[in-house]
Amino acid sequence: MEGIRTRDFSLKYTFESAQPLSFYADFEGNEITFPYGHSMVSLKLEGDSKSGIFYIKGVRGDTKFGVAEAKRIFRLKDDMGKIYKSIASDPFMAEATQRYVGMRLTFNDPWITTLSFLVSQFNNIKRIRLIIKRLMDRFGSEIVYDGKVIGKSFPEAQSLASASIQDIWKCGAGFRSEYIKTTAEYCTNNINLHDLMGKNYEKLKEALLEMRGVGDKVADCIALMGYGKLEAFPIDTWIKRTVENIYFNKRKKTIKEIHKFAEERWDGLAGYAQQYLYWHGMHYLR
DNA sequence: ACCCAGGCGGGCG
DNA sequence: CGCCCGCATGGG
């Protein structure tokens, strides 16, 4: 089985840090298993976060998954040394990047990202995971290998578009159920999310904001993790709290002011700064 | 029991 | 534009 040499790659932090993978993958013993299209993929990292080898352990099902896909999903071409040098310009970020060395942003399918962050709003990580798992169980399709059902795929937009709000509700999605159905319909009938891939960040965000249940924060999450726009800076309660505490001496700031601050400070790498700020800030301020 | 969570839409001034 | 409110639900 071929392996990928890695530097500054922590599968654990990348998995855990509240990105779409954390919502539908399983992680144990430096091994991650998740549905990719109509395959179940399992990958394993040997070594440590400083230097390791990343193996594709198994791809069971009809969808191809190889080294190129692994590199893309985990953004293994990003030079973390350079990124750290650029974003860790103060003690807090220096500590964040040292403590969580190897935490990567992930590059996810736009629809997976959209559904994941629709569920995430006004919610907590554990429950996001619970709801996504239920949606997969109820609306995903069976992944069959060697005549056996070995898992469920991430639910397609069409599947949720044709579901009733009540059935989505039963998965625990609550008031988000209507957002999910409406946006699933929109993505099935009105646009193809993949067609937005060529747009620049501003145009992309504008288009994403058209979707029901997608506001400023969720649009930035989709731009960052579904389209790889590293200048996107999603501002949730923890980012707001952390930025106010660390950079503004606990003074309240508006979302607009925080966007301006992030753009000036981290520019094209604001998204990476945000991921470290979020994860470190959440543990630090709790 | 009470409080909160990777926010958003709607209604108001 | 800004502000305020309600929103389901499971875990601490």
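Lettering follows sequence order; numbering is per chain, from 1.
- With a 4.5 Å cut-off on side-chain heavy atoms, A/Glu31 and A/Lys57 count as touching.
- In this structure, A/Arg212 and A/Met225 both approach DNA chain B, and ranking their closest nucleotides by distance from the 5' end singles out A/Met225.
- Within 4.0 Å of A/Leu130, counting heavy atoms only, lie sugar-phosphate atoms of the nucleic acid but no base atom.
- Going from atom NZ of A/Lys181 over to atom P of B/dC8 covers 22 Å, rounded to whole Å.
- Each of A/Arg127 and A/Lys256 was matched to the nucleotide of DNA chain C holding its nearest heavy atom; the match closer to the 5' end belongs to A/Lys256.
- Comparing atom distances between the A/Arg241 side chain and each of B/dA5, B/dG7, C/dT9 picks out B/dA5 as nearest.
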field: Dot-bracket line, read 5' to 3' along DNA chain B, where crossing pairs take [ ] and | marks a partner on another strand, Watson-Crick or G-U under 3.5 Å
entry: .||||.|||||||
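- Aromatic ring centroids of A/Tyr84 and A/Tyr272 lie 6.0 Å or more apart.
- Under the 4.0 Å criterion applied to side-chain N and carboxylate O atoms, A/Lys252 and A/Glu244 are assigned as salt-bridge partners.
- Checked by atom type, the side-chain pair A/Gln158/A/Ser162 shows no donor-acceptor distance below 3.5 Å.
- By the salt bridge (Lys or Arg N to Asp or Glu O under 4.0 Å) test, A/Lys199 pairs with no residue at all, sequence neighbours left out.
- At whole-Å resolution of the value, NZ in A/Lys217 and P in B/dA5 are 13 Å apart.
- Toward the 5′ end of DNA chain B lies the nearest nucleotide of A/Ser17, the other residue of the pair A/Ser17 and A/Gly213 mapping further downstream.
- The side chain of A/Phe175 has C/dC7 as its nearest neighbour among C/dG10, B/dA5, C/dC7.
- The distance between atom CD1 of A/Ile255 and atom C1' of C/dG2, rounded to the nearest whole Å, is 12 Å.
- In this entry the distance linking CD1 of A/Ile180 with P of C/dC7 reads 18 Å, nearest Å.
- Counting to the nearest Å, the C1' atom of B/dC4 and the NZ atom of A/Lys240 are 16 Å from each other.
- Aromatic ring centres of A/Tyr36 and A/Phe154: separated by at least 6.0 Å.
- Side-chain contact, A/Gln275 with A/Ser17: a donor N or O sits under 3.5 Å from an acceptor N or O.
- Among the protein residues, A/Gln275 comes within range of the nucleic acid bases, having at least one heavy atom under 4.0 Å from a base atom.
- A/Thr237 has a side-chain polar atom (N or O) that falls below the 4.0 Å cut-off from OP1 or OP2 of B/dG7.
- Nearest to the side-chain atoms of A/Lys126 among the listed nucleotides C/dG11, B/dC8, B/dA5 stands C/dG11.
- When each of A/Arg134 and A/Tyr179 is assigned the nucleotide of DNA chain C bearing its nearest heavy atom, the one mapping closer to the 5' terminus is A/Tyr179.
- If you look at A/His280 and A/Tyr276, their ring centroids are not closer than 6.0 Å.
- Side chain of A/Trp169, nearest nucleotide from B/dG7, B/dA5, C/dT9: C/dT9.
- For the pair A/Trp238 CH2 and B/dG7 P, the computed distance is 11 Å after rounding to whole Å.
- Rounded to an integer number of Å, the gap from A/Ile235 CD1 to B/dC8 C1' is 15 Å.
- In this structure, A/Asp216 places its CG atom 14 Å from C1' of C/dC1, rounding to the nearest Å.
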